[in-house]
Every structure is written in C-alpha cells, then in structure tokens.
Amino acid sequence: ISGTLFDPLGAQTASVINHFVSLSPSLHAGSIADEGELSTVCYRPEGLDRLVQQTKFSKKELQVLYRGFKNECPSGVVNEETFKNIYSQFFPQGDSSMYAHFLFEAFDTHNNGSVSFEDFVISLSIILRGSITDKLNWAFNLYDLNKDGCITREEMTDIMHSIYDMMGKYTYPSMKDSAPMDHVDSFFQKMDKNNDGVVTIEEFLETCQKDENIMQSMHMFDNVI
C-alpha cells in the first residue's frame with residue numbers, strides 16, 4: 001500500500017498544492033504584498049495576524065499567498081468546480097472529478113461548500129509544515145469521507161477508485177481492473193489491527209509511523225515554500 005496509489009499525502013494532493021503555490025512565485029524571493037491588498041475581498045490585516053497564530057506561515061508569506069489566491073479566486077473563496085478544473089488540467093486523460101470532490105471536502109473545514117483563504121492556508125500549513133502526526137491526521141480526515149472518525153472499506157474503495165479513475169489506468173495501462181480492490185484489501189490487512197472492518201485514527205497513525213515508505217512520503221512537501 002506504500003506505492004504510488006497510496007501515499008497519505010501523495011502526488012494527487014500535490015497537484016492542487018503546487019498550483020496555488022505557483023501562483024505566488026514571489027514567495028521564493030521573499031517579496032511582500034502591499035498591506036492594502038489584504039483589506040479587499042474577505043481579509044483585513046488584523047485577520048492576517050490571527051492566521052499567523054493559527055498557521056506556521058509568517059505574515060509576509062501569508063501576504064504573498066493571499067495575492068496568488070486572490071488572483072485565482074477574485075471572489076475570495078474557492079468552490080468545488082475550481083478544484084475540479086485544476087485537477088482536470090493536471091490529469092487530462094483521466095476522470096479526476098471524484099478525487100477533486102474528496103479533496104475539496106477535506107479543505108472545506110466548515111462544510112459550507114466553499115474554501116476560504118483561511119480554510120486553505122490552515123490546511124496548507126499542515127500539509128507543508130505540520131508535524132508527521134498533524135499530516136497523518138489530515139490525511140485520515142481526507143479518507144474518512146463521512147467524518148465519523150473511522151475509515152470503512154466502502155470509503156477506501158471510493159477513494160481508490162477515484163485515484164484509479166484519475167491516473168491509475170492511464171499511468172499503469174497493464175494494471176488489472178481488480179487493482180483498486182487489491183489496494184483496499186492491502187490497506188485493511190495492514191491497518192485494521194483488530195479486524196473489526198474499520199480503521200481508526202489510532203490504527204492509522206500506528207501503522208503509518210512504522211512504515212518507512214510512508215514516513216518518507218510525509219516529507220515530499222518539506223521544501224515547497
């Protein structure tokens with residue numbers, strides 16, 4: 001389960017991260033956006049001070065990220081259609097709509113059908129600069145589709161099919177049709193320690209932290225910005 005189709009924060013998630021970060025190239029140059037820019041749309045400078053406390057980004061980094069976010073989303077929020085459009089650009093040969101839907105729901109922390117700049121940078125901070133435990137908790141929440149605190153076989157099947165639809169059969173043309181279910185079986189064989197048919201956060205954390213490949217994948221975003 002440690003292969004390309006199962007990285008807790010895998011290449012699939014990287015697409016949307018890299019897209020938004022690339023909209024803010026001056027992050028790498030340490031450039032600072034004008035304070036005035038931050039008073040428009042939905043963020044005032046005092047809101048930025050709060051985000052400095054809530055994230056691992058500096059005020060300067062948040063200013064530059066906000067500029068890129070506002071360029072992409074002038075309304076100040078991202079809707080699900082925007083996520084789907086981004087993914088369709090990265091995976092034009094596959095159907096990425098379902099995976100984009102699942103990822104959108106992970107970013108939509110208030111469950112209101114839109115992702116604000118605040119929602120976005122709080123998740124971005126976890127993915128880019130959070131502890132291993134923070135990152136794994138975020139990944140677990142992505143896979144726990146109904147957010148009830150455990151991952152069921154049905155949920156993991158939906159996730160694997162969405163990844164397979166998006167990239168699997170095009171990236172691996174010789175892959176068998178049973179591959180998504182094989183990955184689900186492997187996931188539960190490895191993660192479901194007490195064989196009760198669901199994977200809890202405790203089981204997920206324990207197994208991932210003992211898997212060298214998964215631990216290495218946790219560092220894939222370390223130097224993004």
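A quick note: this is a predicted structure, and the numbers were derived from the prediction, not measured. Atom set for the values below is all heavy atoms of this structure, side chains included, hydrogens, waters and symmetry mates excluded.
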Engineer: Given side chains that start at C-beta, do those of Tyr66 and Phe120 come closer than 4.5 Å, heavy atoms only?
Structural biologist: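 They are not in contact (no side-chain heavy atoms under 4.5 Å apart), so the answer is no.
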Engineer: Between the main-chain N or O of Asp182 and the side-chain N or O of Ser186, is there a donor-acceptor pair closer than 3.5 Å?
Structural biologist: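 Indeed, once roles are kept as given, a pair shorter than 3.5 Å links the two residues.
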Engineer: Looking at CZ of Phe117 and NZ of Lys70, how far apart are the two atoms once the value is rounded to the nearest 0.5 Å?
Structural biologist: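 One finds 11.0 Å between CZ of Phe117 and NZ of Lys70.
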Engineer: Strictly distance-based, threshold 3.5 Å: is any side-chain N or O of Asp108 a donor or acceptor partner for the main-chain N or O of Val115?
Structural biologist: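 It does not hold such a pair.
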Engineer: Is the shortest side-chain heavy-atom distance between Val121 and Leu51 below 4.5 Å?
Structural biologist: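 Yes, side chains in contact.
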Engineer: Answer whether the closest heavy-atom distance between the side chains of Thr207 and Lys193 falls below 4.5 Å.
Structural biologist: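 Yes, close enough: below the 4.5 Å cut-off.
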Engineer: Following the transitive rule for hydrophobic clusters with a side-chain heavy-atom cut-off under 4.5 Å over Ile, Leu, Val, Met, Phe, Trp and Tyr, establish whether Met215 and Ile126 coincide in one cluster.
Structural biologist: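 Result: yes, single cluster for both.
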Engineer: Kindly say whether Asn141 contributes a backbone atom to a donor-acceptor pair with the side chain of Lys147 at under 3.5 angstrom?
Structural biologist: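 Indeed, once roles are kept as given, a pair shorter than 3.5 Å links the two residues.
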Engineer: Roughly how far, to the nearest 0.5 Å, is the CG atom of Leu48 from the CD atom of Glu61?
Structural biologist: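 Nearest 0.5 Å value for the CD-CG distance: 11.0 Å.
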Engineer: Is Ile127 linked to Leu205 within one hydrophobic cluster, defined over Ile, Leu, Val, Met, Phe, Trp and Tyr using a side-chain heavy-atom separation of less than 4.5 Å?
Structural biologist: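 Looking at the clustering, Leu205 is in the same group as Ile127.
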Engineer: So among Thr157, Ile163, Asp158, which one has a side chain to side chain contact (heavy atoms under 4.5 Å, CB included) with His161?
Structural biologist: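 Exactly one candidate clears the test, Thr157.
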Engineer: Got Phe140 and Ile151 here, is their nearest side-chain heavy-atom distance under 4.5 Å?
Structural biologist: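 Sidechains of Ile151 and Phe140: in contact.
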Engineer: Carefully, step by step, assess Glu206 and Glu202 under the rule side-chain contact (heavy atoms from CB on, under 4.5 Å).
Structural biologist: CA-CA 6 Å; Glu206 180 186 351; Glu202 291 79 15; over 6 Å; no
Engineer: Taking a hydrophobic cluster as the set of Ile, Leu, Val, Met, Phe, Trp and Tyr residues connected by side-chain heavy atoms closer than 4.5 Å, whether directly or through intermediates, do Tyr87 and Met98 fall within one such cluster?
Structural biologist: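 Tyr87 and Met98: one cluster.
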Engineer: Considering all heavy atoms of both residues, which atom of Met160 and which atom of Val184 are nearest to each other, and what is their separation?
Structural biologist: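 Of all heavy-atom pairs spanning Met160 and Val184, the closest is CG-CG2, 3.8 Å.
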Engineer: Taking the six-membered ring of Phe57 (Phe, Tyr or Trp), confirm whether the NZ or CZ of Arg129 is under 6.0 Å from its centre and within 45° of its axis.
Structural biologist: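 No, a cation-pi geometry is absent between Arg129 and Phe57.
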Engineer: Could you tell me whether a side-chain N or O of Ser131 sits under 3.5 Å from a main-chain N or O of Asp134, the two making a donor and an acceptor?
Structural biologist: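 Side chain of Ser131 to backbone of Asp134, a donor-acceptor pair under 3.5 Å: yes, one is there.
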Engineer: Let's go through Thr55 and Leu124 carefully: what are the C-alpha distance in whole Å and the side-chain angles of both, what is the deciding distance for side-chain contact (heavy atoms from CB on, under 4.5 Å) to 0.1 Å, and is it a yes or a no?
Structural biologist: CA-CA 9 Å; Thr55 69; Leu124 192 68; over 6 Å; no
Engineer: Taking atom CZ of Phe69 and atom OG of Ser116, what is their separation to the nearest 0.5 Å?
Structural biologist: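 Answer for the CZ-OG pair, Phe69 versus Ser116, is 6.5 Å.
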Engineer: Over all heavy atoms of both residues, which pair between Phe102 and Leu145 is shortest? Give the atoms and the distance, please.
Structural biologist: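 Minimum heavy-atom separation between Phe102 and Leu145: CD2-CD2, 3.6 Å.
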Engineer: Look at the rings of Trp138 and Phe107 and say which category their plane angle falls in: under 30° parallel, 30 to 60° tilted, over 60° perpendicular.
Structural biologist: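 It falls in the perpendicular class, over 60°.
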Engineer: Which heavy atom of Lys59 sits nearest a heavy atom of Asp49, and at what distance?
Structural biologist: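 Here Lys59 and Asp49 meet closest at NZ-OD1, 3.2 Å.
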Engineer: Kindly work out whether a path of hydrophobic side-chain contacts (I/L/V/M/F/W/Y, heavy atoms less than 4.5 Å apart) joins Ile201 to Leu142.
Structural biologist: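 Yes; Leu142 is reachable from Ile201 via cluster members.
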Engineer: Could you measure the distance from the OG atom of Ser178 to the NE2 atom of His183? Nearest 0.5 Å is fine.
Structural biologist: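 With rounding to 0.5 Å, OG (Ser178) is 10.5 Å from NE2 (His183).
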Engineer: Looking at side-chain heavy atoms only, is the closest gap between Gln209 and Thr133 below 4.5 Å?
Structural biologist: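 Contact flag for Gln209/Thr133 side chains = yes.
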Engineer: Kindly indicate whether the side chain of Val78, heavy atoms from C-beta on, has any atom under 4.5 Å from the side chain of Glu72.
Structural biologist: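 Sidechains of Glu72 and Val78: no contact.
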Engineer: Closest heavy-atom contact between Tyr164 and Ala179?
Structural biologist: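 Between these two residues, the closest heavy atoms are CE1-CB, 4.4 Å.
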Engineer: Ignoring hydrogens and geometry, is there a side-chain-to-backbone donor-acceptor pair from Glu155 to Asn146 under 3.5 Å?
Structural biologist: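 Yes, because the side chain of Glu155 sits within donor-acceptor range (under 3.5 Å) of the backbone of Asn146.
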Engineer: Does the Asn213 side chain pair with the main chain of Ser217, one donor and one acceptor, at a distance under 3.5 Å?
Structural biologist: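 No, Asn213 side chain to Ser217 backbone: no donor-acceptor pair under 3.5 Å.
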Engineer: Give a yes or no on whether the backbone of Ser123 and the side-chain of Asp119 come within a donor-acceptor separation of less than 3.5 Å.
Structural biologist: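 A pair under 3.5 Å: no.
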Engineer: Nearest 0.5 angstrom please: Ile159 CD1 to Leu103 CG, how far?
Structural biologist: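 If I round to the nearest 0.5 Å, the distance is 9.0 Å.
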Engineer: Find the distance between CG (Asp185) and NZ (Lys190) and round it off to the nearest 0.5 Å.
Structural biologist: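 Nearest 0.5 Å value for the CG-NZ distance: 14.5 Å.
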Engineer: Under the side-chain hydrogen bond (donor to acceptor under 3.5 Å, both in side chains) criterion, do Thr82 and Asn85 qualify, and how do the steps go?
Structural biologist: CA-CA 5 Å; Thr82 303; Asn85 288 339; 5.5 Å; no
Engineer: Mind listing the closest non-hydrogen atom pair of Phe187 and Val199 along with its distance?
Structural biologist: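 Heavy atoms of Phe187 and Val199 come nearest at CE2-CG2, 3.7 Å.
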Engineer: Please name the pair of heavy atoms, one in Gly197 and one in Asp192, separated by the smallest distance, quoted to 0.1 Å.
Structural biologist: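 The answer is N-OD2, 2.8 Å.
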Engineer: Quick check: are there more than 12 heavy atoms from other residues, nucleotides or ligands sitting under 6.0 Å from NZ of Lys56?
Structural biologist: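 Open.
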Engineer: Shared ILVMFWY cluster between Val198 and Tyr143, side chains joined below 4.5 angstrom?
Structural biologist: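 Different clusters.
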